Amino acid sequence: MTGVPYFRPNISEEEIELVASSLASGWLTSGPRVAEFEKSFAEAVGAKYAIALNSCTAALHLALIALDVGEGDEVIVPTLTFAATAEVVLAVGAVPVLVDVLPDTLAIDFDRVRSAITPKTRAIMAMHYGGSAADMHAAVAIREENPQISIIEDAAHAFPTRHELGMVGSIGDATCFSFYANKTMTTGEGGMLTTNDPKVAEHVRRLSLHGLSRDAWARFETRSSWDYDIVEAGWKYNMTDAAGSLGIGQLARSAEMAQMRRDIAARYDNAFADVAGITPRNGGEPARNACHLYVVRVDKQKFGVSRSELIALLGDADIGTSVHYRPLHMHSYYTKTYGYEPREFPVAADAFDEIVSLPMFPGMTHDEVDVVVERILNAKAS
Ligand SMILES: *Cc1c(COP(=O)(O)O)cnc(C)c1O
(Lines give C-alpha, C1' and ligand atoms only; values in the text may rest on other atoms or scores of the structure.)
Protein backbone atom coordinates (compact mmCIF):
# COMPACT_ATOMS: atom_id res chain seq x y z
CA MET A 1 0.00 0.00 0.00
CA THR A 2 1.53 3.29 -1.07
CA GLY A 3 1.10 6.54 0.81
CA VAL A 4 -1.01 9.57 0.02
CA PRO A 5 0.46 13.10 0.00
CA TYR A 6 -1.33 15.88 1.86
CA PHE A 7 -1.46 17.80 -1.41
CA ARG A 8 -0.49 17.26 -5.04
CA PRO A 9 -0.50 20.17 -7.56
CA ASN A 10 -2.93 19.95 -10.47
CA ILE A 11 -1.51 21.80 -13.51
CA SER A 12 -2.81 20.93 -16.98
CA GLU A 13 -0.86 20.80 -20.25
CA GLU A 14 -2.95 23.76 -21.45
CA GLU A 15 -1.82 25.77 -18.45
CA ILE A 16 1.83 24.95 -19.13
CA GLU A 17 1.24 26.08 -22.72
CA LEU A 18 -0.38 29.32 -21.54
CA VAL A 19 2.61 30.11 -19.31
CA ALA A 20 5.08 29.22 -22.09
CA SER A 21 3.29 31.41 -24.64
CA SER A 22 3.23 34.25 -22.13
CA LEU A 23 7.00 33.99 -21.62
CA ALA A 24 7.50 33.87 -25.38
CA SER A 25 5.34 36.98 -25.87
CA GLY A 26 7.90 39.28 -24.30
CA TRP A 27 5.62 40.49 -21.48
CA LEU A 28 7.28 39.35 -18.27
CA THR A 29 5.77 41.72 -15.72
CA SER A 30 2.10 42.72 -15.37
CA GLY A 31 0.61 42.93 -18.86
CA PRO A 32 -2.27 41.69 -20.99
CA ARG A 33 -2.55 38.28 -19.28
CA VAL A 34 -2.87 39.84 -15.82
CA ALA A 35 -5.51 42.23 -17.19
CA GLU A 36 -7.43 39.29 -18.69
CA PHE A 37 -7.14 37.26 -15.47
CA GLU A 38 -8.45 40.19 -13.39
CA LYS A 39 -11.43 40.65 -15.70
CA SER A 40 -12.37 36.95 -15.64
CA PHE A 41 -11.90 36.68 -11.88
CA ALA A 42 -14.08 39.75 -11.19
CA GLU A 43 -16.80 38.15 -13.34
CA ALA A 44 -16.43 34.79 -11.57
CA VAL A 45 -17.12 36.29 -8.13
CA GLY A 46 -19.50 39.03 -9.25
CA ALA A 47 -17.30 41.91 -8.11
CA LYS A 48 -16.91 45.22 -9.93
CA TYR A 49 -13.12 45.31 -9.57
CA ALA A 50 -10.32 42.77 -9.18
CA ILE A 51 -6.64 43.60 -8.71
CA ALA A 52 -4.10 40.81 -9.12
CA LEU A 53 -1.26 40.88 -6.58
CA ASN A 54 1.69 38.69 -5.71
CA SER A 55 0.04 37.20 -2.58
CA CYS A 56 -3.07 37.21 -0.43
CA THR A 57 -0.93 38.72 2.32
CA ALA A 58 -0.26 41.70 0.03
CA ALA A 59 -4.00 41.94 -0.70
CA LEU A 60 -4.88 41.96 3.02
CA HIS A 61 -2.19 44.58 3.70
CA LEU A 62 -3.42 46.92 0.98
CA ALA A 63 -7.08 46.34 1.90
CA LEU A 64 -6.37 47.69 5.39
CA ILE A 65 -4.59 50.78 4.05
CA ALA A 66 -7.20 51.47 1.37
CA LEU A 67 -9.94 51.19 4.00
CA ASP A 68 -8.07 53.70 6.12
CA VAL A 69 -7.03 51.40 8.98
CA GLY A 70 -3.82 52.54 10.67
CA GLU A 71 -1.90 53.48 13.80
CA GLY A 72 -3.81 52.78 17.02
CA ASP A 73 -6.90 51.31 15.35
CA GLU A 74 -8.26 47.90 16.31
CA VAL A 75 -9.04 45.07 13.88
CA ILE A 76 -10.97 42.00 15.00
CA VAL A 77 -9.35 38.73 13.87
CA PRO A 78 -10.36 35.11 14.57
CA THR A 79 -7.68 33.34 16.62
CA LEU A 80 -7.98 30.20 14.46
CA THR A 81 -6.36 31.50 11.30
CA PHE A 82 -3.08 31.72 9.43
CA ALA A 83 -0.31 34.07 10.55
CA ALA A 84 -0.95 36.56 7.74
CA THR A 85 -4.48 37.56 8.83
CA ALA A 86 -3.13 39.25 11.96
CA GLU A 87 0.39 40.18 10.82
CA VAL A 88 -0.93 42.64 8.22
CA VAL A 89 -2.81 44.38 11.02
CA LEU A 90 0.48 44.81 12.90
CA ALA A 91 2.12 45.98 9.67
CA VAL A 92 -0.17 49.03 9.48
CA GLY A 93 0.39 49.86 13.17
CA ALA A 94 -3.05 48.65 14.28
CA VAL A 95 -3.86 46.13 17.03
CA PRO A 96 -5.23 42.68 16.16
CA VAL A 97 -8.01 41.93 18.65
CA LEU A 98 -8.46 38.17 18.67
CA VAL A 99 -11.83 36.45 19.09
CA ASP A 100 -12.93 32.85 19.41
CA VAL A 101 -14.55 30.66 16.74
CA LEU A 102 -17.66 28.47 16.53
CA PRO A 103 -17.21 24.82 17.58
CA ASP A 104 -18.88 23.15 14.59
CA THR A 105 -17.74 25.29 11.64
CA LEU A 106 -14.54 26.68 13.24
CA ALA A 107 -15.47 30.02 11.63
CA ILE A 108 -15.25 33.40 13.37
CA ASP A 109 -17.98 33.76 16.03
CA PHE A 110 -19.81 37.03 15.34
CA ASP A 111 -21.38 37.10 18.84
CA ARG A 112 -17.79 37.31 20.13
CA VAL A 113 -17.05 39.91 17.48
CA ARG A 114 -19.89 42.06 18.79
CA SER A 115 -18.54 41.90 22.34
CA ALA A 116 -15.05 42.83 21.12
CA ILE A 117 -16.15 46.03 19.33
CA THR A 118 -14.82 49.27 20.89
CA PRO A 119 -14.78 52.87 19.62
CA LYS A 120 -11.36 52.05 18.12
CA THR A 121 -12.59 49.12 15.99
CA ARG A 122 -12.14 49.91 12.33
CA ALA A 123 -12.30 46.52 10.60
CA ILE A 124 -13.21 42.85 10.97
CA MET A 125 -11.23 40.10 9.26
CA ALA A 126 -13.97 37.68 8.20
CA MET A 127 -11.99 34.51 7.48
CA HIS A 128 -13.83 31.79 5.56
CA TYR A 129 -12.32 28.80 7.33
CA GLY A 130 -11.84 25.70 5.22
CA GLY A 131 -13.76 27.08 2.25
CA SER A 132 -17.24 27.59 3.71
CA ALA A 133 -18.48 31.15 4.15
CA ALA A 134 -18.45 32.82 7.54
CA ASP A 135 -21.76 34.31 8.71
CA MET A 136 -21.87 37.25 6.32
CA HIS A 137 -25.42 38.15 7.42
CA ALA A 138 -23.94 38.96 10.83
CA ALA A 139 -20.96 40.74 9.26
CA VAL A 140 -23.19 42.95 7.12
CA ALA A 141 -25.50 43.70 10.06
CA ILE A 142 -22.53 44.79 12.19
CA ARG A 143 -21.29 47.06 9.41
CA GLU A 144 -24.74 48.63 9.07
CA GLU A 145 -24.90 49.33 12.80
CA ASN A 146 -21.28 50.59 12.89
CA PRO A 147 -20.46 52.53 9.72
CA GLN A 148 -16.87 53.08 10.90
CA ILE A 149 -16.21 49.32 10.66
CA SER A 150 -15.13 47.77 7.35
CA ILE A 151 -15.51 44.11 6.48
CA ILE A 152 -12.37 42.59 5.01
CA GLU A 153 -12.79 38.98 3.91
CA ASP A 154 -9.78 36.67 4.15
CA ALA A 155 -10.91 34.36 1.37
CA ALA A 156 -7.62 32.47 1.04
CA HIS A 157 -9.64 29.22 1.40
CA ALA A 158 -12.77 30.43 -0.31
CA PHE A 159 -12.77 30.24 -4.07
CA PRO A 160 -15.31 29.36 -5.31
CA THR A 161 -17.50 29.82 -2.21
CA ARG A 162 -21.13 30.82 -2.23
CA HIS A 163 -23.17 32.55 0.46
CA GLU A 164 -26.86 33.51 0.46
CA LEU A 165 -25.74 37.11 -0.10
CA GLY A 166 -23.68 36.19 -3.17
CA MET A 167 -20.33 34.76 -4.11
CA VAL A 168 -17.52 35.35 -1.64
CA GLY A 169 -15.70 38.25 -3.29
CA SER A 170 -18.81 40.35 -3.86
CA ILE A 171 -19.99 40.96 -0.27
CA GLY A 172 -17.42 42.67 1.95
CA ASP A 173 -15.67 46.02 1.47
CA ALA A 174 -12.63 44.12 0.19
CA THR A 175 -12.05 40.40 -0.31
CA CYS A 176 -8.60 38.84 -0.47
CA PHE A 177 -7.91 35.55 -2.27
CA SER A 178 -4.75 33.44 -2.29
CA PHE A 179 -3.28 31.56 -5.24
CA TYR A 180 -0.49 30.02 -3.17
CA ALA A 181 0.68 26.60 -4.38
CA ASN A 182 -1.76 24.52 -2.31
CA LYS A 183 -4.87 26.70 -2.44
CA THR A 184 -7.99 25.79 -4.47
CA MET A 185 -6.47 27.46 -7.53
CA THR A 186 -2.89 28.55 -7.91
CA THR A 187 -0.51 30.88 -9.71
CA GLY A 188 2.47 29.48 -7.76
CA GLU A 189 2.45 32.57 -5.57
CA GLY A 190 -0.28 35.14 -6.04
CA GLY A 191 -3.40 36.82 -4.75
CA MET A 192 -6.39 38.88 -5.80
CA LEU A 193 -8.28 41.69 -4.14
CA THR A 194 -11.88 42.21 -5.18
CA THR A 195 -14.11 45.14 -4.27
CA ASN A 196 -17.15 47.03 -5.52
CA ASP A 197 -15.71 50.37 -4.43
CA PRO A 198 -13.89 52.22 -7.23
CA LYS A 199 -11.88 54.30 -4.72
CA VAL A 200 -10.59 51.18 -2.95
CA ALA A 201 -9.75 49.56 -6.29
CA GLU A 202 -7.84 52.57 -7.56
CA HIS A 203 -5.98 53.04 -4.27
CA VAL A 204 -4.97 49.36 -4.04
CA ARG A 205 -3.74 49.37 -7.63
CA ARG A 206 -1.63 52.46 -7.02
CA LEU A 207 -0.18 51.14 -3.73
CA SER A 208 0.71 47.85 -5.43
CA LEU A 209 3.15 49.70 -7.72
CA HIS A 210 5.12 52.11 -5.51
CA GLY A 211 2.29 54.61 -5.28
CA LEU A 212 3.00 55.79 -8.82
CA SER A 213 0.38 57.74 -10.67
CA ARG A 214 0.02 55.07 -13.40
CA ASP A 215 0.75 51.35 -13.58
CA ALA A 216 3.83 49.89 -15.23
CA TRP A 217 1.92 48.50 -18.17
CA ALA A 218 0.84 52.01 -19.10
CA ARG A 219 4.29 53.35 -18.23
CA PHE A 220 6.08 51.07 -20.69
CA GLU A 221 3.57 51.29 -23.49
CA THR A 222 5.40 52.51 -26.57
CA ARG A 223 3.34 55.62 -26.99
CA SER A 224 3.06 56.62 -23.34
CA SER A 225 5.13 59.39 -21.87
CA TRP A 226 8.14 58.69 -19.65
CA ASP A 227 6.81 60.78 -16.80
CA TYR A 228 5.12 59.64 -13.61
CA ASP A 229 4.41 61.06 -10.21
CA ILE A 230 4.84 59.38 -6.81
CA VAL A 231 1.46 60.17 -5.31
CA GLU A 232 2.12 58.35 -2.03
CA ALA A 233 4.64 55.80 -0.75
CA GLY A 234 3.59 52.30 -1.78
CA TRP A 235 4.86 48.75 -2.28
CA LYS A 236 5.80 46.33 -5.09
CA TYR A 237 2.99 43.79 -4.98
CA ASN A 238 1.97 43.30 -8.63
CA MET A 239 1.53 39.94 -10.37
CA THR A 240 3.64 38.73 -13.34
CA ASP A 241 2.06 37.81 -16.67
CA ALA A 242 3.38 34.24 -16.37
CA ALA A 243 1.50 33.88 -13.07
CA GLY A 244 -1.56 35.56 -14.58
CA SER A 245 -1.49 33.05 -17.45
CA LEU A 246 -1.54 30.15 -15.01
CA GLY A 247 -4.39 31.91 -13.23
CA ILE A 248 -6.42 32.17 -16.45
CA GLY A 249 -6.06 28.42 -17.02
CA GLN A 250 -6.80 27.44 -13.43
CA LEU A 251 -9.82 29.74 -13.28
CA ALA A 252 -11.24 28.10 -16.40
CA ARG A 253 -11.05 24.72 -14.59
CA SER A 254 -12.13 26.01 -11.18
CA ALA A 255 -15.69 24.65 -11.25
CA GLU A 256 -14.44 21.22 -12.29
CA MET A 257 -11.70 21.23 -9.62
CA ALA A 258 -14.20 22.37 -6.96
CA GLN A 259 -16.49 19.48 -7.90
CA MET A 260 -13.60 17.02 -7.50
CA ARG A 261 -12.99 18.42 -4.01
CA ARG A 262 -16.68 18.11 -3.11
CA ASP A 263 -16.73 14.50 -4.30
CA ILE A 264 -13.75 13.71 -2.10
CA ALA A 265 -15.38 15.45 0.88
CA ALA A 266 -18.59 13.46 0.30
CA ARG A 267 -16.63 10.19 0.21
CA TYR A 268 -14.88 11.03 3.47
CA ASP A 269 -18.19 12.16 5.06
CA ASN A 270 -19.78 8.85 4.14
CA ALA A 271 -16.91 6.81 5.49
CA PHE A 272 -16.88 8.63 8.85
CA ALA A 273 -20.66 8.85 9.30
CA ASP A 274 -20.82 6.01 11.84
CA VAL A 275 -17.34 6.25 13.35
CA ALA A 276 -17.52 7.23 17.01
CA GLY A 277 -14.96 9.89 17.88
CA ILE A 278 -14.28 11.12 14.34
CA THR A 279 -16.39 14.18 13.56
CA PRO A 280 -16.00 16.03 10.26
CA ARG A 281 -16.11 19.80 10.54
CA ASN A 282 -19.49 21.25 9.58
CA GLY A 283 -18.83 22.87 6.20
CA GLY A 284 -22.46 23.74 5.55
CA GLU A 285 -24.21 23.06 2.27
CA PRO A 286 -21.69 21.11 0.12
CA ALA A 287 -22.48 22.99 -3.12
CA ARG A 288 -21.49 26.27 -1.47
CA ASN A 289 -18.23 25.06 0.09
CA ALA A 290 -14.96 25.37 -1.85
CA CYS A 291 -13.71 22.41 0.27
CA HIS A 292 -10.19 23.80 0.60
CA LEU A 293 -9.69 21.77 3.78
CA TYR A 294 -11.16 18.51 4.99
CA VAL A 295 -10.90 18.76 8.77
CA VAL A 296 -12.01 16.14 11.28
CA ARG A 297 -12.04 16.32 15.06
CA VAL A 298 -10.63 13.34 16.88
CA ASP A 299 -12.17 12.72 20.30
CA LYS A 300 -9.64 10.60 22.19
CA GLN A 301 -12.23 9.36 24.74
CA LYS A 302 -14.54 8.01 22.05
CA PHE A 303 -12.01 7.06 19.38
CA GLY A 304 -9.34 5.63 21.67
CA VAL A 305 -6.50 7.40 19.87
CA SER A 306 -5.63 11.08 20.18
CA ARG A 307 -5.32 13.49 17.26
CA SER A 308 -1.53 13.63 17.66
CA GLU A 309 -1.25 9.83 17.86
CA LEU A 310 -3.40 9.57 14.74
CA ILE A 311 -1.17 12.01 12.83
CA ALA A 312 1.88 9.91 13.80
CA LEU A 313 0.18 6.67 12.69
CA LEU A 314 -0.81 8.22 9.36
CA GLY A 315 2.73 9.54 8.97
CA ASP A 316 4.07 5.99 9.47
CA ALA A 317 1.91 4.97 6.51
CA ASP A 318 3.24 7.89 4.40
CA ILE A 319 -0.08 9.70 4.58
CA GLY A 320 0.35 13.45 4.76
CA THR A 321 -1.73 15.58 7.13
CA SER A 322 -1.72 19.11 8.47
CA VAL A 323 -3.29 21.11 11.32
CA HIS A 324 -5.16 24.36 10.59
CA TYR A 325 -4.17 25.98 12.89
CA ARG A 326 -2.42 26.40 16.17
CA PRO A 327 -4.56 29.36 17.33
CA LEU A 328 -2.73 32.70 17.11
CA HIS A 329 -3.15 33.36 20.85
CA MET A 330 -1.15 30.16 21.56
CA HIS A 331 1.89 31.40 19.62
CA SER A 332 4.69 32.90 21.69
CA TYR A 333 4.62 36.29 19.94
CA TYR A 334 0.96 36.86 20.82
CA THR A 335 1.31 35.33 24.29
CA LYS A 336 4.26 37.61 25.09
CA THR A 337 2.92 40.76 23.46
CA TYR A 338 -0.68 40.60 24.62
CA GLY A 339 -0.53 38.22 27.63
CA TYR A 340 -3.07 35.78 26.20
CA GLU A 341 -3.73 32.57 28.15
CA PRO A 342 -4.61 29.38 26.20
CA ARG A 343 -8.05 29.22 27.88
CA GLU A 344 -8.88 32.78 26.87
CA PHE A 345 -10.42 31.36 23.69
CA PRO A 346 -11.60 27.93 24.83
CA VAL A 347 -13.35 26.83 21.64
CA ALA A 348 -10.21 27.33 19.53
CA ALA A 349 -7.98 25.88 22.26
CA ASP A 350 -10.12 22.73 22.49
CA ALA A 351 -10.26 22.44 18.70
CA PHE A 352 -6.49 22.73 18.50
CA ASP A 353 -6.14 19.47 20.47
CA GLU A 354 -8.54 17.61 18.21
CA ILE A 355 -8.30 18.85 14.62
CA VAL A 356 -6.46 17.28 11.73
CA SER A 357 -6.67 18.19 8.04
CA LEU A 358 -6.72 15.11 5.81
CA PRO A 359 -5.39 14.89 2.23
CA MET A 360 -7.66 16.87 -0.13
CA PHE A 361 -6.78 17.93 -3.66
CA PRO A 362 -8.35 17.76 -7.11
CA GLY A 363 -7.00 14.64 -8.77
CA MET A 364 -6.99 12.65 -5.52
CA THR A 365 -8.41 9.26 -6.48
CA HIS A 366 -11.18 7.38 -4.71
CA ASP A 367 -8.60 4.68 -3.96
CA GLU A 368 -6.45 7.29 -2.25
CA VAL A 369 -9.41 8.46 -0.15
CA ASP A 370 -10.07 4.85 0.81
CA VAL A 371 -6.43 4.33 1.82
CA VAL A 372 -6.64 7.30 4.20
CA VAL A 373 -9.98 6.16 5.62
CA GLU A 374 -8.80 2.58 6.09
CA ARG A 375 -5.66 3.65 7.94
CA ILE A 376 -7.76 5.85 10.25
CA LEU A 377 -10.24 3.03 10.97
CA ASN A 378 -7.30 0.69 11.64
CA ALA A 379 -5.79 3.18 14.06
CA LYS A 380 -8.69 2.59 16.38
CA ALA A 381 -7.89 -1.11 16.52
CA SER A 382 -4.11 -0.75 16.87
C1 LIG B 1 -2.67 30.98 2.67
C2 LIG B 1 -3.36 31.95 3.56
C3 LIG B 1 -3.05 33.32 3.58
C4 LIG B 1 -1.87 33.89 2.86
O5 LIG B 1 -1.87 33.68 1.50
P6 LIG B 1 -0.55 34.03 0.65
O7 LIG B 1 -1.05 34.08 -0.75
O8 LIG B 1 0.43 32.94 0.89
O9 LIG B 1 -0.06 35.37 1.13
C10 LIG B 1 -3.82 34.17 4.35
N11 LIG B 1 -4.84 33.71 5.10
C12 LIG B 1 -5.17 32.41 5.13
C13 LIG B 1 -6.33 31.96 5.95
C14 LIG B 1 -4.43 31.49 4.38
O15 LIG B 1 -4.75 30.18 4.44
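On a predicted model such as this, the values are computed, not experimentally measured, just so you know. Whatever order the structure lists them in is the order used to number ligands and atoms, beginning at 1.
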Visitor: How would you list all residue pairs meeting salt bridge (Lys or Arg N to Asp or Glu O under 4.0 Å) that involve residues 301-312, not counting sequence neighbours?
Guide: Asp299-Lys302, Lys300-Glu309
Visitor: Can you list every pair where an N/O of ligand 1 is under 3.5 Å from an N/O on the protein?
Guide:
unit_1, atom_1, unit_2, atom_2, d
ligand 1, 5 (O), Ser178, OG, 3.3
ligand 1, 7 (O), Cys56, N, 2.9
ligand 1, 7 (O), Ser178, OG, 2.7
ligand 1, 9 (O), Cys56, N, 3.3
ligand 1, 9 (O), Thr57, N, 2.9
ligand 1, 9 (O), Thr57, OG1, 2.5
ligand 1, 11 (N), Asp154, OD1, 3.3
ligand 1, 11 (N), Asp154, OD2, 2.8
ligand 1, 15 (O), His157, NE2, 2.9
ligand 1, 15 (O), Lys183, NZ, 3.1
ligand 1, 15 (O), Tyr325, OH, 3.1

Visitor: Does any pair with a residue in residues 167-200 pass ring-ring contact (aromatic ring centres under 6.0 Å, His included), and if so which ones, sequence neighbours excluded?
Guide: Phe37-Phe179, Phe41-Phe177, Phe41-Phe179
Visitor: Report the residue from Met239, Arg205, Arg33 that forms a side chain to side chain contact (heavy atoms under 4.5 Å, CB included) with Glu38.
Guide: Arg205
Visitor: For residues 57-74, run the donor-acceptor check on the side chains, cut-off 3.5 Å, and write out each pair with its distance to 0.1 Å, sequence neighbours left out.
Guide:
unit_1, atom_1, unit_2, atom_2, d
His61, ND1, Tyr237, OH, 2.8
Asp73, OD2, Gly70, N, 2.8
Glu74, OE1, Thr118, OG1, 2.8

Visitor: Can we call the ring centroids of His128 and His163 under 6.0 Å apart?
Guide: no
Visitor: Taking the six-membered ring for Trp and the full ring for Phe, Tyr or His, determine whether the centres of Phe345 and Tyr340 are under 6.0 Å apart.
Guide: yes
